[in-house]
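Worksheet: the structure to be examined is printed underneath.
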Amino acid sequence: MTRLEVAQFPCLSDNYGYLIHDAETGHTAAIDTPEVDPINRELEARGWRLTHILNTHHHFDHAGGNLALKEQWQCTIVGAADDAARIPGIDVQVADGDTYVFGSHTARIFDVSGHTIGHIAYYFADDAMLFCGDALFALGCGRLFEGTPAQMWTSLKKLSALPDDTAVYCAHEYTQANAKFAVTVEPQNEALMARSKEIDRLRAAGTPTVPSTIGLEKATNPFLRPTSTDLQGNLGLAGADPVEVFAETRRRKDNF
Ligand code: ZN
Ligand code: FE
């Protein structure tokens with residue numbers, strides 16, 4: 001089995017578009033469809049035919065290009081059963097714990113509801129790749145538009161249980177803004193302070209900070225660290241339940 005090839009390119013103001021390509025079968029999937037033209041430009045540049053769209057959730061900056069691309073390419077659209085009514089052109093419905101076979105590769109589906117209900121992530125274990133939409137960001141997590149903090153924490157725990165070397169392909173370049181907040185809630189975290197400096201350097205050079213890894217997120221992302229005694233202490237929640245600490249972290253970020 002050859003490794004999945006990933007093409008990463010900017011879309012809209014701060015989204016990333018991704019194409020994954022299985023050289024063995026020629027299958028090519030867009031992970032979400034933030035913007036049609038950049039996706040088509042990338043397909044053309046690489047000589048790939050779009051066979052699939054793998055949607056993480058229904059928001060316009062993730063599924064807005066579905067119908068135009070389906071009409072152009074007759075591709076198969078995969079999305080969450082729980083979000084099916086809101087995913088334009090959906091053909092295949094998947095749910096938590098399912099596997100989805102993509103060419104010679106297999107994705108495990110995780111329900112990661114919280115940002116929206118029916119948000120899913122695609123995990124390619126053999127390739128150590130996670131496509132998580134707006135659930136987990138580099139140093140952040142999605143806003144809770146539809147779910148509860150308890151639900152989001154349940155979702156994030158599933159992702160933080162993945163191997164440390166898993167590449168985290170999130171849907172937005174929000175990392176620098178996330179870092180500015182993160183350092184205020186856990187300034188004792190040396191790995192976080194070092195990462196924050198590195199992010200400033202990367203962004204000044206116009207370099208993407210995505211993908212990151214599960215290991216790096218576990219060490220530095222406050223939304224994966226509600227059991228950190230430093231974080232708890234800084235929030236005035238020493239010894240509190242992880243859901244409560246997560247909820248307070250999210251609340252502070254919303255007002256930051
Ligand atoms: Zn979203
Ligand atoms: Fe988004």
Side-chain angles (χ1 to χ4, degrees), residues 6-20 29-39 42 53-69 77-90 93-96 109-123 129-149 151-156 158-159 167-182 203 208-212 217 221 223-224 246-247 249-251 253-254 256:
V6 183
Q8 176 175 346
F9 47 95
C11 290
L12 304 173
S13 57
D14 50 34
N15 281 75
Y16 283 121
Y18 298 107
L19 293 174
I20 57 173
I31 308 292
D32 287 333
T33 57
E35 202 180 359
V36 172
D37 288 349
I39 290 173
E42 196 69 29
I53 292 169
L54 307 182
N55 280 126
T56 63
H57 65 300
H58 68 280
H59 281 163
F60 183 78
D61 62 314
H62 298 262
N66 275 21
L67 293 182
L69 287 165
I77 300 184
V78 182
D82 289 344
D83 205 17
R86 304 189 289 186
I87 303 275
I90 189 168
Q93 301 187 15
V94 294
D96 189 55
I109 309 301
F110 290 107
D111 178 287
V112 287
S113 289
H115 174 66
T116 59
I117 303 299
H119 191 308
I120 54 173
Y122 297 84
Y123 171 54
M129 293 175 186
L130 173 71
F131 295 91
C132 54
D134 290 354
L136 176 66
F137 293 126
L139 288 180
C141 74
R143 267 178 196 266
L144 303 184
F145 288 120
E146 298 180 0
T148 64
Q151 205 167 13
M152 187 59 138
W153 175 238
T154 301
S155 297
L156 294 178
K158 295 179 198 175
L159 303 184
V168 178
Y169 291 92
C170 62
H172 291 271
E173 179 62 63
Y174 287 160
T175 318
Q176 196 168 30
N178 288 340
K180 286 197 169 71
F181 168 74
R203 294 312 293 154
T209 63
V210 176
S212 66
E217 294 310 318
N221 185 331
F223 296 99
L224 296 186
F246 171 79
T249 309
R250 187 61 257 180
R251 213 163 17 241
K253 175 65 165 67
D254 290 344
F256 184 67

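Read the numbers this way: they start at 1 and go in the same order the structure lists the ligands and their atoms. Here, residue 1 is the first one in the sequence, and each next residue gets the next number.
Relative orientation of the F137 and H172 rings is perpendicular, given thresholds of 30° and 60° on the angle between their planes.
At a threshold of 4.5 Å between non-hydrogen side-chain atoms, the residues H119 and D83 do not count as touching. Using a 4.5 Å heavy-atom cutoff, the side chains of D111 and K158 are in contact. Using a 4.5 Å heavy-atom threshold, the side chains of L156 and C141 count as touching.
Here H59 meets the criterion, with an N, O or S atom under 2.8 Å of the Zn ion (ligand 1). Using a cut-off of 2.8 Å, one finds that D134 contributes an N/O/S atom close to the Zn ion (ligand 1). Put simply, H62 stays out of reach of the Zn ion (ligand 1), with no N, O or S atom under 2.8 Å from it.
Annotation: ring-ring contact (aromatic ring centres under 6.0 Å, His included) contacts of Y169 (sequence neighbours excluded): Y18, F131.
Distance alone, capped at 3.5 Å, is enough to place a donor-acceptor pair between the S155 side chain and the S113 backbone. Side-chain atoms of N15 come within 3.5 Å of backbone atoms of D61 as a donor-acceptor pair (strictly under, hydrogens ignored).
Remark: H62 NE2 to I31 CD1 distance equals 12.5 Å, nearest 0.5 Å.
The distance cut-off of 2.8 Å around the Fe ion (ligand 2) captures these protein N, O or S atoms, sorted by chain and number: D61 OD2, H62 NE2, D134 OD2, H172 NE2.
For H115 atom NE2 and H57 atom NE2, the angle they make at the Zn ion (ligand 1) is roughly 100°, to 10 degrees.
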